[in-house]
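What follows is a short report on a single structure.
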Amino acid sequence: MAGNTFGDIFKISTFGESHGAAIGVILDGCPPLVEIDEEFIQSELDKRRPGQSKITTQRKESDTAQILSGVFEGKSTGTPIAIVIPNEDQRSKDYSHIQDKFRPSHADYTYQTKYGIRDYRGGGRSSARETAARVAAGAIAKLFLKQRGIEIFAHVSGVGKLEAPNLDTSDLQQLLEQRESNIVRCADPATAAEMTEFIDQVRKSGDTVGGRINTIIRNVPVGLGEPVFDKLHADLAKAMMSINAVHGFEYGSGFDGSQMLGSEHNDIFVNQDSKIKTLTNFSGGIQGGISNGMDITFKTAFKPVATIMRDQATINEQGDDTTISGKGRHDPCVVPRAVIIVEAMAALVIADHLLKYEAYHNAK
C-alpha cells in the first residue's frame, strides 16, 4: 500500500491502525541540534487526543508519545526520529455489527474493493486515529520552525452556519490563549459559547455537523515554494486534503476573490522600513506559488462526521440491502480536535519547503 509517506526532505512515514497495538511515525530529514521538547510534543498530542470534553469522542487514550530514536540529550541527532503511540482503549466489539456492511460516506466500500481486505475495526488505516502520528511529527516541525521565528496559529472559525467574526491577528499568543480557554477551540469567546451549545445539541440528537478552521503562518521568508507543480499553496492544499473529513481548501481571498475585480484584488507593493510588503493580502502570502513574506492564510473545511447514531440504509458485501446504525464513541464535530492536526500538517509543509529553500541557496 502506497501513500504512507509525506514530504521530500523533512519526510514522515506513519504506521498503525485504529485498533492495532500502536500507531507511530518515522521522521527522516530533521536537521541535527533541534531542541526536542518532549513536554511540548505531549501537549500538542493532548490537544488532539480523544475524550477531552463532552463534544468529542469519549474514547480514552492518553496518546503518550515514546521517542525511540533520533534524539540524544534533548537534541535531534539528524538521524531518523521514531515515535510510537500505544493504543490503550480499543473496543473492537463496537464494530462487529459492521464487519460485512458498508457505512455510508466511509472508506469501507472503496477500501474493500481496492485491496480485497479491510480492517473494519474503526476503519483501520483509514481512521482519523492515524493523525496522532502526524501531530507528533508536526510538533517537531514546529520546534524546528520556532528556531527560525516562524509561528503557526489555527482556530475554529465556523461550525455549521455559525461563523466567528474576523479577528485581530496582531498578537497570536493572545489568540492562542483565547482559543485554549474553550472546548471548541474558537478564538472568539462569544462565538465559542454558541458553537459549544450547538454541537452538544447535535450530539444529543444523534447527528453530526461540519465546520471550518482558519490558519495563519507568520514570519515565513520570501522564496518558499516553486512556480509550477510544487507551488507552496498546492502543497498546503495536498496536506490539508489528506486529513480525514476535509472537503475544502482555500487560501488568501479564496472563493470570495472570484467575485472581485482585478483592481480590487491586486496587492499593491510598498517599501516600509526597508522591507517590501503589500498593502493588502488577498494573495494569502503566496504569489506564483512562492511565499512573498506576508502572512500565509488559508481556510480548511471539514464535512460532518460520517458516523451518526441513527439508522441508515446501506448494503452489505453481498450487495444486499440492509440497515446500519452507529455505535461506539465518535465525535459529533471533528473541528475542535482537528485544529492541532491542521497546524501540524502546515508545519510539516513549511519545514520541508524551508529545507529545500536553504538547500537551493547553499548550492548557489
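The first residue of the sequence shown is numbered 1, and numbering continues consecutively from there.
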How would you list all residue pairs meeting side-chain hydrogen bond (donor to acceptor under 3.5 Å, both in side chains) that involve [range], not counting sequence neighbours?
range	answer
residues 233-244	Arg134-Ser242, Asp235-His353
residues 248-264	Ser253-His265
residues 297-307	His106-Thr307

Do [X] and [Y] sit within salt-bridge range, that is, some charged N less than 4.0 Å from a carboxylate O?
X	Y	value
Glu343	Arg337	no
Asp63	Arg129	yes
Arg103	Asp108	yes
Arg121	Asp119	yes
Glu151	Lys146	no
Glu358	Arg148	yes

Shared hydrophobic cluster for Ile290 and Leu224 (ILVMFWY, side-chain gaps under 4.5 Å):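 No, because Ile290 and Leu224 fall into different hydrophobic clusters, even though each may have its own neighbours under 4.5 Å.
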Check the hydrophobic clustering (I, L, V, M, F, W, Y; side-chain heavy atoms under 4.5 Å; chains of links allowed) and say if Ile296 and Met294 are grouped together.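 Not linked; separate clusters.
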From CD1 (Ile216) to CZ (Phe153), nearest 0.5 Å: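 Separation between the atoms: 8.5 Å.
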All side chain to side chain donor-acceptor pair (under 3.5 Å) counterparts of Glu17, not counting sequence neighbours: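 Not a single residue meets the side chain to side chain donor-acceptor pair (under 3.5 Å) criterion with Glu17.
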For Thr14, give me all partners under side chain to side chain donor-acceptor pair (under 3.5 Å), at least two apart in sequence or on another chain.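 Once residues adjacent in sequence are excluded, the partners of Thr14 under the side chain to side chain donor-acceptor pair (under 3.5 Å) criterion are Arg125, Glu130.
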Quick one, Lys75 with Glu38, criterion salt bridge (charged side-chain N to carboxylate O under 4.0 Å, His left out). Give me CA distance, side-chain angles, the key distance, then yes/no. CA-CA 10 Å; Lys75 294 183 175 63; Glu38 293 192 35; over 6 Å; no
Under the ring pair (Phe, Tyr, Trp, His ring centres under 6.0 Å) test, residues paired with Phe302 that sit two or more places apart: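 For Phe302, no residue satisfies ring pair (Phe, Tyr, Trp, His ring centres under 6.0 Å) once neighbours in sequence are set aside.
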Under a 3.5 Å distance rule, please check whether Asp207 uses its side chain to pair with a backbone N or O of Val202 as donor and acceptor.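 The answer is no, because no donor-acceptor pair under 3.5 Å joins these two groups.
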